[in-house]
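Labels below follow one simple rule: chain letters A, B, ... track the order of the sequence lines, proteins then strands, and each chain is numbered from 1. All heavy atoms count here, side chains included; hydrogens, waters and symmetry mates do not.
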Amino acid sequence: MLQEKIESLLARALERAALPVKLEGKVTASPRKEYGDFASSVAVAGARQLGQNPLELAGRLAGLLAELDRGQTASKIEVVKPGFINFFLKDEVVQDAIPEIIERDRAWGQGSGVKGQEEKILLEFVSANPTGPLHVGHGRWAVIGDNIARLLKAAGGRVATEFYVNNVGAQVENLEASVRAVRAGQPVPEGGYGGAYIKDVQGGTRKEMLAFLLGQQQETLRQLGITFDRWSYENELHDRGEVLAAVQKLRDLGATFEEGGATWFKAQELGDDKNRVLTREDGRPTYFAADIAYHLDKFARGYGRLIDIWGTDHHGYAPRLKAALKVLDQPADKFEIIIGQLVTLYRGGEPVRMSKRTGELITLQEVLDEIGADATRFFFSATDVNSHLDFDLELAKQRSVSNPVYYLQYAHARICSILRKSKVKSQKSKIDLSGLTYPAERELMLKLLAWPRLVAAAAAARQPHRVTEYGKELAIVFHHFYEQCRVLGNPGRLTLVDASRITLRNVLELLGISAPESM
RNA sequence: GCGCCUGUAGCUCAAUGGAUAGAGCAGCAGAUUUCUAAUCUGCUGGUUGCAGGUUCGAUUCCUGUCAGGCGCGCCA
């Protein structure tokens, strides 16, 4: 790719000048077109470290670069103010990179890899309690999780996804009691579930009730295009004795103490706020104990890297679990926890609480029914999961026609329409692209060619919203091109449009959003 | 009280420590005998909560402070 070419040139220049300066992240697309196509701040960054004048250093490097390149890649290499080096690529270098997009097609953007992370990855997300319908926050984790899985796979990673079903503990006992109470026409017990959905829960046994509710969750997720490679049930860990075995291991390692009849994990020595109970006074293990066993099981199943996505309401739980895994000699640095901030739902400007116990609950299913899977996925894919999200349902409905998701889909549909009308088929090779020199064409080509790099960066950062941002940018650049350049009858532009189609489709696919051929 | 996250345009959100902080929506003014106007062009809109610090350079890193969210169970 183009950026790699620049990086490689710079690396050789630095080597020749015998300058031990880190190049990583010091080559970027230029922020303004006056600054060329790519820019490097390596001279500014390295100047102090080397005790040199940044401008002089940049000048020296630029001279070496010109010498090494011999005008093959860059039409101009310039040095400006503080010491930036700007690269202006030759048109033919950009044009020559386009056929690869057509050749790679669905694989375009894939396999760029995440350096140093070749382990098998297990990605766990949603893992909602099977005590009611999924709420909007779950929808956010679900979409983000599914997108991260797609991203990691696209980057070449081996990823499996998993949903952990907490079918043991007080919450499921409360659920059963609530269902039975409502059926008997009695008020739900203290700590029970009062939602309207309780009366619709089917099943005569607790197991059947949980299966019914889990089935509803699965159906909602299916409508969102989300499936899991595996559903892990908490009760199986208990049944196999793995939970108590995990506690025993901690005991053997001297990481526990007994107090008040309970077994405690010495979490405080390991950075947690306080010590944590593993088995209660009556001998029953806590959720924490089961979760330790669960994560031991994940590593034992051969996964070298674990990624969990949790809601922010569980973030305080992270230190104890990490501490326990560390004590148990697990590779704690290979255990990532992504904390997702909550979604605050508004309806007509009024905040709606997302508690399972309020009557005013708005479920993920309702949101799906209102605005559709594509828009729901796009909306949750558009923001950094680490930021709070305010979402007004009325607003989403009102502007559903001008929702950004349609902007991307429309661009794709337009492209398909052009290609349908064209008599000439886009070809993989022997197409003369030398006519593509117009600014809008050049801008589009550069944007397309940035795709593989973006996939790798988004995967490494576990930030699917970068893909969404890229998609919006690409659609803008394409529409810009479309308004200015007539395509039909121009084989070079037709190839460019086909490359745009492939890239846009791959973007939408990575986000789990449909790419319609007509709208 | 302690901990984690957040604070950017009227609203919703972007911006690996880089150059003049960007989009969409909303508002205003325009564009269609032309491949899909679900589009495009232009304008309006900012002390990046506030105060310091580090740096050649800070929305980004550090300290303090204010505001909001979430935690601080022998619940999960």
Regarding rU39(B), can its base be found pairing with the side chain of R414(A) as donor and acceptor, where the two atoms are less than 3.5 Å apart? no

Any donor-acceptor pair under 3.5 Å joining the side chain of H314(A) to the base of rA76(B)? yes

So, is N386(A) close to the rU6(B) phosphate, meaning a side-chain N or O under 4.0 Å from OP1 or OP2? yes

Walking RNA chain B from its 5' end, the first of S41(A) and F481(A) to be reached, judged by nearest nucleotide, is S41(A)

Select base, sugar-phosphate, or nothing to describe what L389(A) touches, counting heavy atoms under 4.0 Å on all strands. sugar-phosphate

Do Y317(A) and D291(A) have side-chain atoms, one donor and one acceptor, less than 3.5 Å apart? yes

For atom CG of D384(A) and atom C1' of rU6(B), their distance in whole Å: 10 Å

Can you tell me the distance, in whole Å, between the OH atom of Y193(A) and the P atom of rC75(B)? 14 Å

Would you say the side chain of N174(A) and the base of rA76(B) hold a donor-acceptor pair, judged only by whether the two atoms sit under 3.5 Å apart? no

Under 4.0 Å from OP1 or OP2 of rC72(B): is there any side-chain N or O of R320(A) that close? no

Rounded C1' spacing from rA38(B) to rG24(B) in Å: 14 Å

Which is true for T28(A) with a 4.0 Å heavy-atom rule: it touches a base, it touches only sugar-phosphate, or it touches nothing? base

Side-chain donor/acceptor of Y164(A) to backbone N/O of Y294(A), under 3.5 Å: no

Y410(A) side chain N/O closer than 4.0 Å to the phosphate oxygens (OP1, OP2) of rC40(B)? no

Looking at N129(A), is its backbone amide N or carbonyl O close enough to the side chain of N166(A) to form a donor-acceptor pair, meaning the two atoms are under 3.5 Å apart? no

I'd like to know if H388(A) reaches the base of rG68(B) with its side chain, counting only an N/O donor and acceptor under 3.5 Å. yes

Look at K421(A) and rU36(B) and indicate whether a side-chain polar atom (N or O) is within less than 4.0 Å of OP1 or OP2. yes

Respond yes when some side-chain nitrogen or oxygen of Y482(A) is under 4.0 Å from OP1 or OP2 of rA37(B), and no when none is. yes

Quick one: label D282(A) by what it contacts on the DNA or RNA (base, sugar-phosphate, nothing), any heavy atom closer than 4.0 Å. nothing

To the nearest angstrom, the CG-C1' distance between L474(A) and rA14(B) comes to 17 Å

Side-chain N or O of K26(A) versus OP1/OP2 of rG17(B): is the shortest distance under 4.0 Å? no

Looking at S417(A), does any N or O in its side chain come under 4.0 Å of the phosphate oxygens OP1/OP2 on rU36(B)? yes

Measure NE2/H465(A) against C1'/rA23(B) and give the value in whole Å, please. 13 Å

Short side-chain donor-acceptor distance under 3.5 Å, Q409(A) and D374(A): yes

Taking OP1 and OP2 of rU20(B), is either one under 4.0 Å from a side-chain nitrogen or oxygen of K81(A)? yes

Classify E173(A) by what it touches in the nucleic acid, base, sugar-phosphate, or nothing, heavy-atom distance under 4.0 Å. nothing

Would W141(A) and F125(A) count as a close aromatic pair, with their ring centres under 6.0 Å? no

Could I get the full list of side-chain hydrogen bond (donor to acceptor under 3.5 Å, both in side chains) partners for S30(A), not counting sequence neighbours? none

If only side-chain N and O atoms of H479(A) are considered, is one of them under 4.0 Å from the OP1 or OP2 phosphate oxygen of rU41(B)? no

